[in-house]
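The figures that follow rest on heavy atoms only: side chains count, while hydrogens, waters and symmetry mates do not. Residue numbering restarts at 1 for every chain, and letters A, B, ... go by the order of the sequence lines. Just so it is clear, the model here is predicted, and its values are computed rather than measured.
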2 protein chains.
Amino acid sequence: MNILEKITNELDTLSKSERKVAEVILSSPNTVIHSSIAALAKQAKISEPTVNRFCRRLDTKGYPDFKLHLAQSLANGTPYVNRHVDENDSAEEYTSKIFESTMANLELARKSLDSNLINRSVDVLTQANKISFFGLGASAIVAHDAQNKFFRFNVPVVYFDDILMQRMSAINSRQGDVVIVISHTGRTKSLVEVASLAKENDATVIGITTTGTPLAKECSIVLSVNVSEDTDLYMPMSSRIAQLALIDVLATGFTLRRGSKFRDNLKKVKDSLRSSRFDKKD
Amino acid sequence: MNILEKITNELDTLSKSERKVAEVILSSPNTVIHSSIAALAKQAKISEPTVNRFCRRLDTKGYPDFKLHLAQSLANGTPYVNRHVDENDSAEEYTSKIFESTMANLELARKSLDSNLINRSVDVLTQANKISFFGLGASAIVAHDAQNKFFRFNVPVVYFDDILMQRMSAINSRQGDVVIVISHTGRTKSLVEVASLAKENDATVIGITTTGTPLAKECSIVLSVNVSEDTDLYMPMSSRIAQLALIDVLATGFTLRRGSKFRDNLKKVKDSLRSSRFDKKD
DNA sequence: AGGAAAAGTGAAACTTTATTTCATAATTTG
DNA sequence: CAAATTATGAAATAAAGTTTCACTTTTCCT
């Protein structure tokens with residue numbers, strides 16, 4: 001198990017001084033693996049035995065052993081962890097933290113996805129007469145992106161980030177139409193209403209949202225994209241990035257399902273963009 | 001670099017005794033990371049100073065530092081790798097591949113970023129009279145997202161995904177304006193022109209693109225977001241996701257730079273959305 | 001509130017571990 | 001084959017980590 005995560009989890013079982021140690025470690029783990037116990041104690045403004053006790057509480061044999069675990073956690077290939085941005089972080093620090101949290105959230109999102117539901121969604125999408133993507137705020141760009149992607153497939157696709165257009169479109173939907181409603185919180189009133197309207201009008205409603213939200217209840221298929229709670233003011237919404245990855249998955253599933261002839265077509269679309277670009281001389 | 005590989009490479013530059021050390025380490029590295037220098041010396045049937053010299057020859061500071069490197073090399077379990085989607089992949093398989101590739105690309109992108117340039121960009125952004133984001137196609141949604149984010153900061157911000165609007169806006173820019181041009185390929189002709197126009201009109205032009213592209217040459221600051229080449233037809237453009245993460249970084253840098261009063265304001269914006277949502281009952 | 005018990009903490013003593021020094025042994029070179 | 005170079009380990013030294021124990025703070029109970 002990743003020791004940084006473990007520290008984060010056990011933060012509240014630690015004593016006051018031990019928490020100071022934890023904070024120093026979490027804020028710059030890469031420095032710590034090169035520090036002696038004395039240096040760390042000094043930085044955390046506590047004594048050396050406290051550091052030692054801290055290490056043992058995390059089920060390591062002592063400080064050197066702890067450093068070993070820490071080093072391994074920091075090495076490549078270990079799972080990424082949600083780390084909060086701190087007011088005094090340098091550019092390097094907050095950059096790392098944001099990228100790592102984003103990756104951690106992608107990992108979480110992947111775990112929450114159910115491949116059977118993805119399969120069913122792809123089924124539905126390949127058979128749709130018309131596909132509409134709805135989102136508001138940060139999720140609007142996901143809908144926008146989805147439109148870009150599906151547009152290339154030469155299927156009737158629209159996206160709206162305007163409540164009224166969404167409502168009108170939902171009301172005009174019919175059997176065979178697919179409406180994809182995107183909302184991280186799943187609590188945005190107007191979007192929940194739109195989902196419900198589309199459903200009443202016999203469209204298949206796919207929700208890209210968090211498990212168990214009001215929106216989820218209105219959908220025919222719910223693709224759960226769970227990411228860690230957005231409690232931190234500085235922490236950006238990683239949810240939209242996970243949602244985009246899911247759009248990639250759906251689009252890929254769509255392409256695969258449609259077979260090889262369809263893929264030749266895709267290639268043509270790609271090639272058609274070439275003349276608008278400067279050549280690559282390499 | 002992986003230290004086990006390094007040991008193997010340098011085997012013939014080592015002395016006889018040192019080679020004994022190397023062999024012991026290579027044969028059971030997992031034991032070594034929990035051994036003291038004395039234990040290792042005994043096992044290799046040589047003296048402690050020899051072990052120490054061995055460590056230094058591998059460019060580590062000493063035995064403990066060597067163990068740290070060794071531990072990290074051993075931790076490399078399954079780094080995220082770009083894996084290509086195959087025609088016969090199941091939903092589960094392509095989902096995993098897409099998420100993992102996305103993470104691999106985020107990792108790559110992070111490595112290509114220069115924190116000094118991020119710092120300078122944040123400087124420029126906090127002092128801007130007006131901020132414009134330009135992108136086309138997949139990058140348009142990044143520009144769109146950036147507008148969403150910076151709009152919350154109550155600064156004059158616009159985004160255009162229309163070539164004509166971009167040109168007009170670029171021509172009307174002036175000293176103190178910041179123009180952020182987003183393009184993965186950095187070869188889209190009209191965008192390169194827009195960057196050049198903006199520059200001629202004294203705007204500070206920040207490019208979010210790949211290193212060494214025509215667009216990069218036109219920019220005052222280039223934030224390189226390098227991801228692996230998009231050679232595969234099935235593989236979705238991960239570049240936009242890396243770009244979004246970079247937008248998060250810039251927005252976070254902006255927030256931090258602006259100080260605590262500014263952050264209170266942000267909280268208000270966040271709260272103002274509450275009434276549009278269903279309550280959370282938990 | 002008041003005081004006993006429990007938990008937390010750090011100074012100092014102590015132990016373990018790593019590094020340096022230096023004399024000697026092995027190897028290379030002319 | 002002897003001088004020079006390089007390699008090696010015993011012992012001394014230095015550094016790092018751990019334990020003990022007395023003192024402080026907190027918690028819990030009446």
Side-chain angles (χ1 to χ4, degrees), chain A residues 3 6-74, chain B residues 3 6-74:
Chain A
I3 199 136
K6 192 167 185 179
I7 296 174
T8 313
N9 287 342
E10 305 218 343
L11 217 51
D12 25 275
T13 73
L14 296 175
S15 74
K16 207 167 42 176
S17 304
E18 285 169 352
R19 203 165 312 144
K20 284 188 202 164
V21 183
E23 276 158 17
V24 171
I25 293 167
L26 289 174
S27 77
S28 54
N30 275 302
T31 318
V32 172
I33 59 171
H34 296 112
S35 306
S36 69
I37 192 167
L40 177 56
K42 197 174 170 193
Q43 215 191 332
K45 291 183 185 133
I46 45 77
S47 73
E48 299 176 27
T50 302
V51 175
N52 194 270
R53 282 187 288 259
F54 167 85
C55 296
R56 292 210 218 276
R57 200 178 297 267
L58 288 154
D59 301 319
T60 62
K61 285 182 197 163
Y63 185 66
D65 189 44
F66 168 80
K67 281 212 297 192
L68 236 50
H69 282 266
L70 185 59
Q72 296 204 322
S73 299
L74 292 173
Chain B
I3 199 135
K6 193 167 185 178
I7 295 173
T8 314
N9 288 342
E10 307 218 345
L11 256 178
D12 26 277
T13 72
L14 296 175
S15 75
K16 207 166 46 177
S17 304
E18 284 169 353
R19 205 164 311 144
K20 284 187 201 165
V21 184
E23 276 157 18
V24 171
I25 293 167
L26 289 174
S27 76
S28 55
N30 274 303
T31 318
V32 173
I33 59 172
H34 295 114
S35 307
S36 69
I37 192 168
L40 176 56
K42 197 174 169 192
Q43 216 190 329
K45 294 187 181 128
I46 44 77
S47 73
E48 301 176 26
T50 302
V51 175
N52 193 271
R53 282 187 288 260
F54 167 85
C55 296
R56 291 210 222 276
R57 202 178 296 267
L58 289 153
D59 300 318
T60 63
K61 286 183 195 161
Y63 184 67
D65 189 41
F66 168 79
K67 283 211 298 190
L68 236 49
H69 282 267
L70 186 60
Q72 294 204 323
S73 299
L74 292 174

Check whether any side-chain heavy atom of A/I33 sits under 4.5 Å from a side-chain heavy atom of B/Q72, and report yes or no. yes

In whole Å, what is the span from the CD1 atom of A/I46 to the C1' atom of C/dA11? 14 Å

Atom NZ of B/K61 to atom P of C/dT17: distance rounded to whole Å? 22 Å

Can a donor-acceptor pair be found, under 3.5 Å and without considering hydrogens, that links the side chain of B/R57 to the backbone of B/L14? no

5' priority, DNA chain C, between B/S35 and A/R57 [closest heavy atom]: A/R57

OP1 or OP2 of D/dT26 under 4.0 Å from side-chain N/O of A/K16: yes

OP1 or OP2 of C/dT9 versus the side-chain N and O atoms of A/S17: is any pair under 4.0 Å? yes

Provide the closest heavy-atom pair for B/K67 versus B/S35 in the form atom of the first, atom of the second, distance. NZ-O, 2.9 Å

Side-chain heavy atoms of A/F66 within contact of A/F54, under 4.5 Å: yes

Any A/S15 side-chain N or O less than 4.0 Å from OP1/OP2 of C/dA7: no

Take the protein atom CG of A/D65 and the nucleotide atom P of C/dT16, then report the distance between them rounded to whole Å. 17 Å

Nearest-Å distance for atom pair CG/P, residues B/N52 and D/dG9: 13 Å

Can you check whether B/K20 reaches B/T50 side chain to side chain, under 4.5 Å on heavy atoms? no

Checking contacts here: which listed nucleotide (C/dA18, D/dG17, C/dG8) is nearest the side-chain heavy atoms of A/K67? D/dG17

How close or far is atom P of D/dA15 from atom CD of A/E48, stated in whole angstroms? 14 Å

Could you check how far NZ of B/K45 sits from P of D/dA7, rounded to whole Å? 23 Å

Among the candidates C/dA18, D/dT8, C/dA11, find the nucleotide nearest to the side-chain atoms of B/Y63. C/dA18

Starting from C1' on C/dA11, measure out to NZ on A/K42 and report it in whole angstrom. 17 Å

5' priority, DNA chain D, between A/I37 and A/R53 [closest heavy atom]: A/I37

Tell me: CD of A/E18 to P of C/dG8, nearest whole Å? 7 Å

